[in-house]
Amino acid sequence: MTILLTGAAGFIGYSVCEALLGRGEAVLGVDIVSDYYDVKLKRARLTRLARHPEFEHLEIDVSNADAMLSLSRHPSKIERIVHLAAQAGVRHSLTNPHIYLQTNVVGHTNILELARRLPDLKHVIYASSSSVYGNNTKLPFSVEDRVDSPTSLYGATKQAGELISASYAHLFRIPLTGLRFFSVYGPWGRPDMVMFIFTKAILEGRPIEIFNNGNMQRDFTFIDDIVAGLLAALDHPPADDGENPPHRRYNLGSNHPEELMRLIEIIEQACGKKAIREMKPMQLGDVRANFANIDTSHRDLGFLPRTSIDVGVPRFVEWYRSYYGA
């Protein structure tokens, strides 16, 4: 049986593919390889995945309904879906709203329509985001909290995906699990994320912009911990009791909020250079604090993050230096 994984050229998608292939799974990877960030980095990830005989890549846009539904006729019997393809980025959604609706809402619905047509389907995992919590002031964020005050269109589209999933689980009894990721970082990470932006600027001797004068907290979560949590969720589909929809949601975060200024100090130490700091006001669509309550994911999945930023940040910087020759 085959696992369909969308967003295979992305940061988390690539890392999950490596883990699945490493444990002997066959993976059908779908990714349009958009130019939202460095296409060369995405192609490099795919090149590494192509070394595995059980990996196949299809360059398909998840928002193309006909192309996605055609996968129901793919010779591989798709048994599970890991849907990670999305248009990411809070700030980008301020200027390019339509691509978020097309990819994150239409594309998500196309995945669920495909799931309905797969006779051997056992489980669908999909990526949500900590951005669904928006302006919530109760910390840490819990999966039981209300999520009806988004501060960005990105967060709103991720919440829309959760609502659509709940309706499909209710109507068609599709086992679905949504994972709310919190500030994921690590080797092969995204260039639009703070870890990458700060490391690059510090090594190049350029200033870094520190928003809200550094008064920010984030649940920085290392990629290995995220992959472990996702695989645990994949292996434990929600049961259908005939009454409640077989749909669950989990937070995957480090459960240890870090001050932004402490993160900068650790990056400086790993780079061996001090940052040139430029203090800026809070950006539109951003939030001051964002971190996870992981009681439910620990109880159900055994999820327990093990990598602190003191360990994870130097590992990222080491990868960055190696990959870019910095």
Are Ser130 and Asn251 close enough that some pair of their side-chain heavy atoms sits under 4.5 Å apart? no
What orientation do Tyr323 and Trp319 show, parallel under 30°, tilted 30 to 60°, or perpendicular over 60°? parallel
Min side-chain heavy-atom separation Leu234-Ile3 under 4.5 Å: yes
When you measure from the side chain of Asp241 to the backbone N and O of Asn244, does any donor-acceptor pair fall under 3.5 Å? yes
Tell me, please, whether Tyr133 has Arg180 positioned over its six-membered ring: NZ or CZ under 6.0 Å from the ring centre and within 45 degrees of its axis? yes
Describe, in one word, how the ring planes of Phe55 and His57 are oriented to each other, choosing from parallel (under 30°), tilted (30 to 60°) and perpendicular (over 60°). parallel
Quiz item: cation-pi between Arg190 and Phe11, 6.0 Å / 45°: no
Under 3.5 Å, is there a donor-acceptor pair between the Ser308 and His256 side chains? no
Look at atom CZ of Arg173 and say whether more than 12 heavy atoms of other residues, nucleotides or ligands are closer to it than 6.0 Å. yes
Does atom CD of Glu278 have more than 12 heavy-atom neighbours from other groups under 6.0 Å away? yes
Using ring centroids (six-membered ring only for Trp), state whether Phe222 and Tyr185 fall under 6.0 Å. yes
Test item: Val62 and Thr6 side chains (from C-beta on) under 4.5 Å apart, heavy atoms: yes
May I ask you to decide if Pro245's main-chain N or O and His170's side chain share a donor-acceptor pair within less than 3.5 Å? no
Between Asn136 and Arg146, is there a donor-acceptor pair closer than 3.5 Å when you use the side chain of the first and the backbone of the second? yes
Output yes when Arg277 and Glu209 qualify as a salt bridge under the 4.0 Å nitrogen-oxygen rule, no when they do not. no
Could you go through the salt bridge (Lys or Arg N to Asp or Glu O under 4.0 Å) check for Asp310 and Arg262 one step at a time? CA-CA 10 Å; Asp310 300 274; Arg262 173 167 141 74; 2.7 Å; yes
NZ/Lys138: more than 12 non-hydrogen atoms of other groups inside 6.0 Å: yes
Distance-only, no hydrogens or angles: does the Lys274 side chain make a donor-acceptor pair with backbone N or O of Ile202 under 3.5 Å? no
4.5 Å side-chain heavy-atom contact, Pro187 and Ile223: yes
In a check of side chain to side chain contact (heavy atoms under 4.5 Å, CB included) between Ile111 and each of Val30, Ile81, Ile164, which one passes? Ile81
Would you check if the side chain of Asn104 reaches a backbone N or O of Gln87 as a donor-acceptor pair within less than 3.5 Å? yes
Could you tell me whether the side chain of Arg248 reaches within less than 4.5 Å of the side chain of Tyr250, counting heavy atoms only? yes
Using a 3.5 Å distance criterion without hydrogens, assess whether the side chain of His236 forms a donor-acceptor pair with backbone atoms of Ala232. yes
State whether a side-chain donor-acceptor pair under 3.5 Å links Asn64 with Asp61. no
Straight-line distance of Asp240 CG to His247 NE2, nearest 0.5 Å: 13.5 Å
Checking Lys42 against Tyr37: charged group under 6.0 Å from the ring centre and within 45 degrees of the axis? yes
Please answer whether the main-chain N or O of Asp219 pairs with a side-chain N or O of Thr221 as donor and acceptor at a distance below 3.5 Å. yes
Heavy-atom side-chain contact between Tyr126 and Leu84 under 4.5 Å: no
Before giving the answer on salt bridge (Lys or Arg N to Asp or Glu O under 4.0 Å), spell out for Glu162 and Arg249 the whole-Å C-alpha distance, their side-chain angles and the decisive distance to 0.1 Å. CA-CA 8 Å; Glu162 291 189 8; Arg249 291 161 299 171; 3.6 Å; yes
For Thr157 and His108, does a side-chain donor sit closer than 3.5 Å to a side-chain acceptor? no
Are a donor atom and an acceptor atom from the side chains of Glu18 and His52 found within less than 3.5 Å of each other? yes
Check: Phe196 ring centre within less than 6.0 Å of Tyr320 ring centre: yes
